Every structure is written in C-alpha cells, then in structure tokens.
Amino acid sequence: MSKKKTKKKAQQQTFLSPVNYLKEKARTLEIGKCYMTDDIMEIGEGQVVVTRLHKSGKTSVAIYMVDTYCLGVKDSVFKLRMDEFELANLLSHISIALGLHEVTYNEAHNMVYGAIAFAEEAGIEPHKNFSWTQYMLEEDTDEIPLIEFEYGKDGKHFLVAHSNIEANKYLPTLRKNLGDNFDYVIDDGDSYLDDDEDDAFDEDEDDSEQDEDFMPNGLNRTSYDEITTEYTYKHPEYPVLTALENPQLKDILYSDTVPTDRDIDTMLALPHDSLRRDLEAVLLDCMAKTCDGITDGMWNKDFAYEAMSAVTMLGEVGNGDSSLDTLLEMLRQPNETFEYYFGDFMTEVFITPLYTNGQKRLDKFMDFFKEEGLYDFSKTTILSVIEHIVNLQPERRDEIIEWLREALRFATEKLPEAQFVDSTTTGFLVGSCVEAKAKELLPEIKAIFDTGFVDTNVVGDYDETEKIINSSEKHFINNFEPDVHKRFAELR
C-alpha cells in the first residue's frame, strides 16, 4: 500500500469503536447487498439487513428489527468488519429462523424510514440504538427514490405487546396521539380491541399461532441492558527512543511500506535479544508519541509502519516477560492510538504475538482482564487469544476452563459496574466459553446472563448459548500464523 492510501485507511478505520466509526465513516463505505426477512409485512415484524463493504474485503452489517404494525424500529444491532465466513453464518442464522430474501438498497431504506415515520405518527420514537445505526443507512433525503409500503393492520396502528408491562409502556402514548383509533393485543391470550372488534380478531388464527406469526423466534428476541466502559487508564511516562542497538532497523521499521521478505531476513539475522530490546523500545516510543493525543500534523504526515512491524516481529523474537508486558501496555492505549498505528489490522497484527508471548502467562492475561477503565476491544483481543490456546492446544483445556471460570465470576461480580467489564466484553467472554465447549461452566454462564448485561447480539441468549455448547458445532476462526513472512505478507 502507498503511504497516502495507508495513512488514510489508518485514520478512517477503528476496530470495534462503534459510535465514532459509524457516525464519521460508515457512509463512506460502498453499499453492499441488502436483505429483508420473509413476510415482514404480513406478520407485522421482521428484520432488514444492510451491508457496507470495506476495501480490505471485510463487510460491516446493520440489522434493523422493524415492527411494521406499530412501533417502527424496535431495535437495531450491527457488526463491524465481518469476515466472509462470519457474515454467511449470520445470514444463515436469520434465514433459518425467519426466511430471508435479497432486496435493493432503496427497498431496505424505505422499509426502515417508512416504519419510523408511521410509528412517529403514534408518538413512538425509534429504539435508542438507531441513533448510531442510522449511519449505516444513507441520509433520508429526496435523493432516495420513494417506495411506499403499507404499514399498520387494517388501516390502523396495531400494537402487539408480549406482556402487560410492554402494553402499559406504549398504551398511554398511543391514546394520547391516536385517541381510540388503534388496536392492540397482549399475547397472553387476552386481546383488547377498540370498536368491539374482538370477534374479528378471533376469526383469524388461534392465540398460539398469532404469537408465532407476530414475533418469530430469532435474533430479534434477544435483549440486554447495554453498559459501556469509560476509558480511564492513567498511563506511565514512556521512554523516548534516542538510539537503536541495531541502527539498520531504522530504515526498515520507520518506512512507508511493510517490510519485505529481505527486510525480514535482515532483522532475523540480528542477535534476537538485541532485536527484541529494540522492538520493545520502538513500541514504547510509539506510545510516548500518542498516549496524550494525536495532533493534526501527526495525522497528516506520511504513515509509518513502526508499531505494526514491531508488534509483528515480537511474535517471532519476543519473550513472555518484557515483550508481553510491552504488548499489553500497547493494548491499554487510547482509541486514537489504535486508529493511528493499526487501522483495520488489529486482530491480524496482535493475535500471533500475544499467543506466542503469553500462552504460558495466563496470570498476566487474567490481571489484564480485571483491569479497570480499558476499552472493550482490548479485552476481547485477549479473549481471542484464550480461544486460540484452547483450540490449538486441546491438552490445556482444563487450564483454560479454570481461567474462564474465574473471568466469568469476576465479570458477574463487577456487573452492572461497567468500569471493569461491559456488555461487549461479557458477550465475547461467553463466546469464548462457547468456543471451549465449556459445558461445565453453564452455571456460571447462566449467572452472568441473569445480570441482564450480556450483549446477546454477540452470542444470542442463554438458551441459544446452552444449545450451541452442547452441540458439535464449531465456529473457530484461526488467526494464528506461525510464519513471520506470511504475517507480513498478509499486511502487505
């Protein structure tokens, strides 16, 4: 990649930084395929899927849970930079549960915004998540050709409530804005319709069939209370690099291109202890430059690969002590630092170095997991390494199970206090248990779900999690690459 192109990429991409990334960058991505669940208009509820394409080959996706009868966008979720395998799995899951067909972007756009407008007539605002998932859609302007869908049921707003609590949440608003000009039903078997229309409703299907139609079983059933960790890490004073033990590294690391195979061989020919010390010093110097913020001048300068290259090489020559400490310190950095140095490639860069340097130091991984005020994607990176250990070294399964047990108990104890673990972290933690097929941890997994703070968009609800753990299904994606030449080739 050229200097200019790579620098722009580093500025624009953020690994698991949802709000800032969606607001500032999502609409710059090319629109990909869009989908809608079958019978969304007939049954009054369904999902609309919109994808955005990254030049790296990954795909970001937003899913809008749309109630076409009354409530508009009831919820929305998203995933950033999904691999092709992950996206195919997600679409397959929705298709099996609800049926799925491809639609044009204009159809998807109009379905979502039309449902929102219809709900707003009744005083119902879209779910709070739409405040950022809206940025996966184009702006709702006249430039988008209008496609009209018919919302409501029998010409009226029709509320399908799944409990008395849910009904009581919406009925005052509906009455205030619509008077008596709406219908509603509570799916416990008691229906309440205006204008004496109970008999008309009963002429349809029985209550159990109505329940299945109105709220199909699928991803849109998952719910949780979202909490997010506020970044509060107070960094130490990092040493500024004055000289390298191996001066020839300067031209290789501080370059506008990824090191070539010849560069890699040149580095590997150096004494490994000396090379390791230089790589650690380069990383600490990178942190010294960016830990307190990144100036416009720094963003605008030609991009250098020193941090990315140093981390990658530590996967070859690092140790489980100072090298691991340096890698973990890099993971404690502010979000801007990751944007600046790693862009789209955080997982690709960090997994192998963390695995090779940390696989024997699970205690350090646990200490890191328990730290306060770190970004969730830093901790989910550690969890990915844990998954690699249990999958690549199955003889260590018992050791990993105990690590996960301690992490689950810690997370359950600290919730709903978000400063140690948040909804995303807990979702990925449960996902790691799924990867380990940790049946023996089901009581601890149930306990953390019972807090209500597990991101069910990552792993589904407890019943889904239990089912997958007890199945033979495997989703492990191996990002460990032992060949350093191949690791650099992937970055190139």
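Keep in mind that what you see is a predicted model, and the values were worked out from it rather than measured.
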(message) Give me the atom names and distance for the closest heavy-atom approach of Leu174 to Cys70.
(response)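 Nearest heavy atoms, Leu174 then Cys70: CD2-SG, 3.9 Å.
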Look at [X] together with [Y] and state whether they make a salt bridge at an N to O cut-off of under 4.0 Å.
X      : Y      : answer
Arg52  : Glu138 : yes
Asp463 : Lys467 : no
Lys74  : Glu45  : yes
Glu84  : Lys58  : no
Asp483 : Arg487 : no

Quick check on the 6.0 Å ring-centre criterion: do [X] and [Y] meet it?
X      : Y      : answer
Tyr375 : Tyr233 : no
Phe350 : Phe342 : yes
His157 : Tyr151 : no

(request) Run the numbers on Thr133 and Val77 for side-chain contact (heavy atoms from CB on, under 4.5 Å), then give the verdict. (result) CA-CA 7 Å; Thr133 57; Val77 296; over 6 Å; no
(request) Give the intermediate values and the outcome of side-chain contact (heavy atoms from CB on, under 4.5 Å) for residues Leu137 and Tyr105. (result) CA-CA 9 Å; Leu137 301 167; Tyr105 172 75; 3.6 Å; yes
(message) The test is side-chain contact (heavy atoms from CB on, under 4.5 Å); show your working for Ser95 and Tyr35 and say whether it passes.
(response) CA-CA 10 Å; Ser95 182; Tyr35 306 88; over 6 Å; no
(request) Look only at the side chain of Glu464 and the backbone of Asp461, and say whether a donor-acceptor pair between them is shorter than 3.5 Å. (result)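 Present.
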(message) Measuring from atom CE of Met82 to atom OG of Ser60, what distance do you get when rounded to the nearest 0.5 angstrom?
(response)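 The OG atom of Ser60 is 9.0 Å from CE of Met82, to the nearest 0.5 Å.
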(request) Could you grab the distance from atom CZ of Phe369 to atom OG1 of Thr380, nearest 0.5 Å is fine? (result)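 It is 10.0 Å, given to the nearest 0.5 Å.
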(message) Taking side-chain contact (heavy atoms from CB on, under 4.5 Å) as the definition, give me every residue that meets it alongside Thr229, ordered by chain and number, with sequence neighbours left out.
(response)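 Gln419, Asp422.
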(request) Walk me through it: do Thr59 and Thr51 pass the test side chain to side chain donor-acceptor pair (under 3.5 Å)? (result) CA-CA 7 Å; Thr59 303; Thr51 66; over 6 Å; no
(message) With side chain to side chain donor-acceptor pair (under 3.5 Å) as the criterion, how do Asn479 and His388 come out once you've worked through the C-alpha distance, each side chain's angles and the decisive distance to 0.1 Å?
(response) CA-CA 8 Å; Asn479 288 310; His388 277 73; 4.7 Å; no
(request) Please tell me if the side chains of Arg332 and Glu371 come closer than 4.5 Å, counting only heavy atoms from C-beta onward. (result)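 In short, these two side chains touch, coming nearer than 4.5 Å.
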(request) Determine, stepwise, if the pair Cys433 / Leu408 fulfils side-chain contact (heavy atoms from CB on, under 4.5 Å). (result) CA-CA 9 Å; Cys433 297; Leu408 283 167; 3.7 Å; yes
